[in-house]
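The next block holds one structure in the form of structure tokens; read it before the comments.
What you see below is based on every heavy atom in this structure, not just the backbone, and it leaves out hydrogens, waters and symmetry mates. First the proteins, then the strands, lettered A, B, ... as listed; each starts at 1.
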Amino acid sequence: MSITIKTPKEFSFKECYRFLDRSDKECLHDVKDSKVYKLLTIQGQLLLIEIEHSKDILLINCLNKRVNKSEKTAIIEYVNEWWDLEVSLAPFYKFCKSDPMLKKLVKNHRGLRMIGFPDLFECLVWAIIGQQINLNFAYSIKQRFVEKYGTSLEHKGQKYYLFPDANAVSQLTVEALKELKFSRQKANYTINVANAILLDGLDKNKLVKLGYDEAKNELKKIKGIGDWTADYALMKCIRYPNAIPLGDVGLHNALKEQLKMSTKPTKAALIKFGTEWGTHNGYICFYLWRSLLKDN
DNA sequence: AGCCAGGTGTACA
DNA sequence: TGTACACATGGC
């Protein structure tokens, strides 16, 4: 059974692919020869998918199993959410027309979709790992973590991984995570998040229904989730369009570069941006992050 | 050698 | 409310 998704109006496979290819230590998907590979768990089964682009469609193959109709539907749903394919970018592009910096960002990366995290636990733990350390180090920690505690599937001599689930992580000790170079604090934060999901009913759908402010409060109750991590998850997983991690160093660096500033933006300037950009916060932030990668 | 990386909680005033 | 400090490691 062939699986296809008709691409939305504003879509660039090349831009999405470039973002997915930003680290060679990424272990939760693979990119090769203009194809994207990812292991999914659908209805309790491991499905390895391959995504390629042709004209106005995404062609998806499941490499390890013949899929039935409901699995096909679930795969399409997953990719739509992962790559944010069901949103129109027209309002965002219209908004950007009136500002030179935003106009240039859109010109350089038109069609880029916000590659997100369908899974809340993965999103939060990845954010925690990335707190205050450089991205390369963060990827190293994630790789050790996923390879040690994640479920995997081998296909043609290569291993593909799922992110460890909250159940498995709640059983881990701080010491076990420290061996992977988590700091003591981050090890605690990570286990806290697993417990919040298992014991306190932290749930993606609940956060979707709560509204931005309430959802942010809910997340910040967990020790280890501050403003930055909460907004990161609300932007990349829950997908509130106004969510933006204003304290993000990458955001600061990108703004400094784009606006040719001599110093990083002040806190007051950042708050002003967040207010002016409003519902376009998330996409503007994502495009600014994209601008930090080479071959713009 | 020392500072900075996709921050946060805690300890103090 | 506001500021100092530890935290893990690696790159420059």
Q: Output every pair passing salt bridge (charged side-chain N to carboxylate O under 4.0 Å, His left out) with a member in residues 217-227 of chain A, not counting sequence neighbours, ordered by first then second residue.
A: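 Listed once each, the pairs are Lys216(A)-Asp227(A), Glu218(A)-Lys221(A), Lys220(A)-Asp227(A).
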
**Q.** Residues in contact with DNA chain B, drawn from residues 169-177 of chain A - heavy-atom cutoff 4.0 Å
**A.**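 Result for residues 169-177 of chain A: none.
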
Whole angstroms only, please: what is the [atom1]-[atom2] distance between [X] and [N]?
{"X": "Trp289(A)", "N": "dA5(B)", "atom1": "CH2", "atom2": "C1'", "value": "14 Å"}
{"X": "Lys25(A)", "N": "dT9(C)", "atom1": "NZ", "atom2": "P", "value": "14 Å"}
{"X": "Leu292(A)", "N": "dA5(B)", "atom1": "CG", "atom2": "C1'", "value": "13 Å"}

Q.
If you compare all heavy atoms of Lys97(A) against all heavy atoms of Lys103(A), which two are closest, and at what distance to 0.1 Å?
A.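 In terms of heavy atoms, the two residues are closest at O-CD, 3.6 Å.
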
Q: Using a 4.0 Å cut-off on protein heavy atoms (strictly under), produce a 5'-to-3' string for nucleotides 7-13 of chain B with B for base contact, S for backbone-only sugar-phosphate contact, and - for none.
A: BSSS---

Backbone of [Y] reached by a side-chain donor or acceptor of [X] within 3.5 Å:
{"X": "Lys25(A)", "Y": "Gln143(A)", "answer": "no"}
{"X": "Arg18(A)", "Y": "His109(A)", "answer": "no"}
{"X": "Asp203(A)", "Y": "Asn205(A)", "answer": "yes"}

Q) Cut-off 3.5 Å, side chains only: do Ser88(A) and Lys9(A) have a donor facing an acceptor? A)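 Short answer, no.
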
Q: Check whether the side chains of Asp84(A) and Tyr283(A) place a donor and an acceptor atom closer than 3.5 Å, and report yes or no.
A: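 Looking only at side-chain atoms, Tyr283(A) and Asp84(A) do form a donor-acceptor pair, the distance falling under 3.5 Å.
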
Q.
For the P atoms, the ones on dC3(B) and on dA4(C), what distance do you get once it is rounded to whole angstrom?
A.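 Per the computed distance, 15 Å lies between those P atoms.
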
**Q.** Centroid separation Phe145(A) to Phe182(A) less than 6.0 Å
**A.**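 So the answer is yes for these two rings.
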
Q: Any pair with a residue in residues 238-252 of chain A that passes side chain to side chain donor-acceptor pair (under 3.5 Å), sequence neighbours left out, goes on the list, sorted by first then second residue, please.
A: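 Listed by first then second residue: Trp228(A)-Asp248(A), Asp248(A)-Trp289(A).
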
Q: With sequence neighbours excluded, give me every side chain to side chain donor-acceptor pair (under 3.5 Å) pair touching residues 268-280 of chain A.
A: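 Side chain to side chain donor-acceptor pair (under 3.5 Å) check on residues 268-280 of chain A returns Lys272(A)-Glu276(A).
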
Every protein N/O within reach of nucleotides 10-12 of chain C N/O, cut-off under 3.5 Å:
none

